[in-house]
Amino acid sequence: MTDTLTKTAAANAPINDTRKAELLSKQVKHIDIKSFDARPIVDAMSDMSFTSRDLGRATKIYNDMLADKDCTVVLVIAGSTSAGGCMDLYAELVRNNMVDCIVATGATIVDMDFFEGLGHKHYQALEVPDDDTLRSLYIDRIYDTYIDEQQLQDCDFTINKIAESLEPKPYSSRAFIREMGKYLVEHGKKDNSLVKLAYEHDVPIFCPAFVDSSAGFGLVKHQVDAAKEGRPYMVLDAIADFRELTEIKIQAGTTGLLMIGGGVPKNFIQDTVVCAEILGHEDVEVHKYAVQITVADVRDGACSSSTLQEAASWGKVNTGIEQMVFAEAGSVMPLLASDAYHRGHWKDRAKRGWAKLFA
């Protein structure tokens with residue numbers, strides 16, 4: 001009982017602004033894949049063994065996707081690499097026509113990218129005090145990275161503001177995220193935002209579990225406020241998400257997957273092959289190319305850790321051109337992306353503009 005009272009008192013106490021400023025004093029700097037050429041090190045790693053060789057082969061497969069003029073490249077992101085320093089990396093892939101579609105967690109798109117698009121930052125944890133202390137200062141922690149909860153609430157309320165501005169009808173996550181990109185074009189404070197660039201380059205973004213993020217709070221408030229006032233409200237249509245992403249797969253034909261982490265985004269994009277077959281497209285291609293970077297353990301049967309060979313048993317992925325890389329993605333994605341950027345296959349790619357499919 002005493003512990004509960006102590007925690008309640010701490011939560012209601014005034015925020016120590018000086019202490020908070022100390023903890024939020026060092027911003028995370030996002031890596032610039034254009035500033036260094038990773039080709040020599042990736043080439044050297046390809047002649048090594050273990051994870052180094054896996055990364056070398058994965059990088060080659062990604063370059064093959066970019067060189068294949070028929071291939072639509074889908075970037076799949078789960079986890080917190082955006083907060084950890086890869087945010088500009090993903091933005092550059094969109095800016096330079098190195099991905100054509102994105103499937104991600106809501107946290108990646110809203111709590112991290114849209115959050116920074118509004119002008120907020122992520123911070124390195126120079127120390128990790130007791131997490132109850134962080135809570136008293138309204139600091140959220142992702143391992144060794146900090147987020148200002150008060151700024152995150154600004155993100156929540158901005159999502160609510162966007163929802164309030166829309167016609168009250170069903171929207172896929174892609175359609176709503178496009179409205180977020182439009183908002184950043186008009187009001188954003190960061191040019192290198194994935195959400196903003198995707199809007200400008202007609203690269204659709206899907207979040208199959210969209211409300212499992214900061215967006216959820218703003219959208220729930222939108223519905224509750226509207227219901228109290230007796231007016232209609234917008235809703236998210238998860239079925240439309242699956243239908244639209246499957247339509248891209250059907251229209252694209254040849255596809256390649258660059259997957260960071262696993263979870264729902266990984267399974268969602270892989271399932272488009274099966275869904276297309278159910279819709280009568282029996283000639284639909286399995287995903288021709290696939291790379292997954294993960295640290296998940298394969299022994300628990302979870303989707304996040306299931307190998308791409310396993311996915312082949314479900315009729316989703318080609319067994320011939322796939323590579324698992326068991327590594328923390330923040331440490332290897334800069335090498336893979338820099339290598340692909342400097343090899344330059346993206347310069348000869350036609351823009352897909354898949355978002356126009358739903359205009």
Side-chain angles (χ1 to χ4, degrees), residues 65-66 70-78 82 87 90-110 112-114 117 159 162-163 166 169-185 188 192-211 213 215 219 234-260 263-273 275-276 279 281 284 287 289 346 349-359:
M65 295 184 208
L66 297 175
D70 296 324
C71 182
T72 284
V73 178
V74 183
L75 175 65
V76 183
I77 315 172
S82 290
M87 197 173 295
Y90 298 135
E92 287 298 336
L93 297 186
V94 172
R95 187 191 300 278
N96 294 291
N97 195 31
M98 297 170 74
V99 297
D100 307 300
C101 178
I102 298 167
V103 183
T105 58
T108 294
I109 298 304
V110 186
M112 299 174 196
D113 185 86
F114 186 72
I159 292 294
I162 293 171
L166 298 178
K169 65 177 186 178
Y171 292 81
S172 65
S173 66
R174 173 207 57 80
F176 188 84
I177 294 167
R178 184 168 174 80
E179 294 296 331
M180 291 165 57
K182 181 180 178 182
Y183 182 91
L184 289 180
V185 168
N192 221 23
S193 160
L194 182 69
V195 173
K196 173 178 174 288
L197 287 167
Y199 171 80
E200 292 175 330
H201 290 266
D202 290 313
V203 173
I205 300 176
F206 294 86
C207 287
F210 192 49
V211 295
S213 70
L219 294 177
M234 62 143 290
V235 295
L236 287 175
D237 186 345
I239 299 171
D241 271 352
F242 200 14
R243 173 177 52 79
E244 290 180 358
L245 190 59
T246 300
E247 182 63 23
I248 290 176
K249 172 57 186 166
I250 293 167
Q251 296 291 331
T254 302
T255 45
L257 309 180
L258 176 60
M259 297 181 285
I260 293 88
V264 173
K266 171 188 175 183
N267 198 58
F268 198 61
I269 184 58
Q270 289 185 346
D271 273 351
T272 56
V273 178
C275 190
L279 292 177
H281 297 271
V284 66
H287 296 296
Y289 308 92
W346 53 272
R349 295 187 78 234
K351 280 200 172 186
R352 267 63 179 179
W354 286 119
K356 295 178 182 177
L357 194 62
F358 311 106

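The analysis underlying the following values was restricted to heavy atoms, covering all of them including side chains, and did not include hydrogens, waters or symmetry mates. Residue indices begin at 1 and follow the sequence shown.
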- Item | Partners passing side-chain hydrogen bond (donor to acceptor under 3.5 Å, both in side chains) against S82 (at least two apart in sequence or in another chain) | none
State, with a plain yes or no, whether a side-chain heavy atom of [X] is found less than 4.5 Å away from one of [Y].
X	Y	answer
V235	D237	no
T272	T255	no
I77	T105	no
F268	V76	no
K182	I162	no
F114	I159	yes
M98	V73	no
T108	C207	no

Between [atom1] on residue [X] and [atom2] on residue [Y], distance to nearest 0.5 Å:
X	Y	atom1	atom2	result
L197	Y90	CG	OH	15.0 Å
L245	C101	CG	SG	5.5 Å
Y289	T254	OH	OG1	7.0 Å

Of all the heavy-atom pairs spanning [X] and [Y], show the shortest one and how long it is.
X	Y	answer
L257	M65	O-CE, 3.3 Å
P208	V264	CG-CG1, 3.5 Å
G256	C71	N-SG, 3.4 Å
F210	L236	CD2-CD1, 3.4 Å
V211	L219	CG1-CD1, 4.2 Å
H287	I269	NE2-O, 3.0 Å

- Query: For W354, what residues pass the ring-ring contact (aromatic ring centres under 6.0 Å, His included) criterion, not counting sequence neighbours?
  - Reply: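 Scan of W354 (ring-ring contact (aromatic ring centres under 6.0 Å, His included), adjacent residues dropped) gives none.
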- Which residues satisfy the ring-ring contact (aromatic ring centres under 6.0 Å, His included) test with Y183, sequence neighbours excluded?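 Y183 satisfies ring-ring contact (aromatic ring centres under 6.0 Å, His included) with H187 only.
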- Message: According to salt bridge (charged side-chain N to carboxylate O under 4.0 Å, His left out), does anything in residues 90-103 pair up with another residue at least two apart or in another chain? List the pairs.
- Response: K34-E92, E92-R95, D100-R349
- Among pairs that include at least one residue of residues 241-255, which meet salt bridge (charged side-chain N to carboxylate O under 4.0 Å, His left out), considering only residues two or more places apart or in two chains? R174-E244
Under 3.5 Å, which donor-acceptor pairs do the side chains of residues 198-205 form with other protein atoms, sequence neighbours left out?
unit_1	atom_1	unit_2	atom_2	d
E200	OE1	K196	NZ	3.4
E200	OE2	K196	NZ	3.1
H201	ND1	K351	NZ	2.7

- Query: Would F176 and M234 satisfy side chain to side chain contact (heavy atoms under 4.5 Å, CB included), going step by step from the backbone distance to the final call?
  - Reply: CA-CA 10 Å; F176 188 84; M234 62 143 290; 3.6 Å; yes
- Query: Going by distance alone, is a donor N or O of one side chain under 3.5 Å from an acceptor N or O of the other, for D113 and S193?
  - Reply: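 Checked: D113/S193 side chains pair up, N/O donor to acceptor below 3.5 Å.
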- Task: Output, in order, the C-alpha distance, side-chain angles, deciding distance and verdict of side chain to side chain contact (heavy atoms under 4.5 Å, CB included) for I102 and V94.
- Result: CA-CA 9 Å; I102 298 167; V94 172; 3.8 Å; yes
- Query: Yes or no on side chain to side chain contact (heavy atoms under 4.5 Å, CB included) for I109 and F206, after CA distance, side-chain angles and deciding distance?
  - Reply: CA-CA 9 Å; I109 298 304; F206 294 86; over 6 Å; no
- Might you work through the side chain to side chain contact (heavy atoms under 4.5 Å, CB included) test for M112 and L194, ending with a clear yes or no? CA-CA 10 Å; M112 299 174 196; L194 182 69; over 6 Å; no
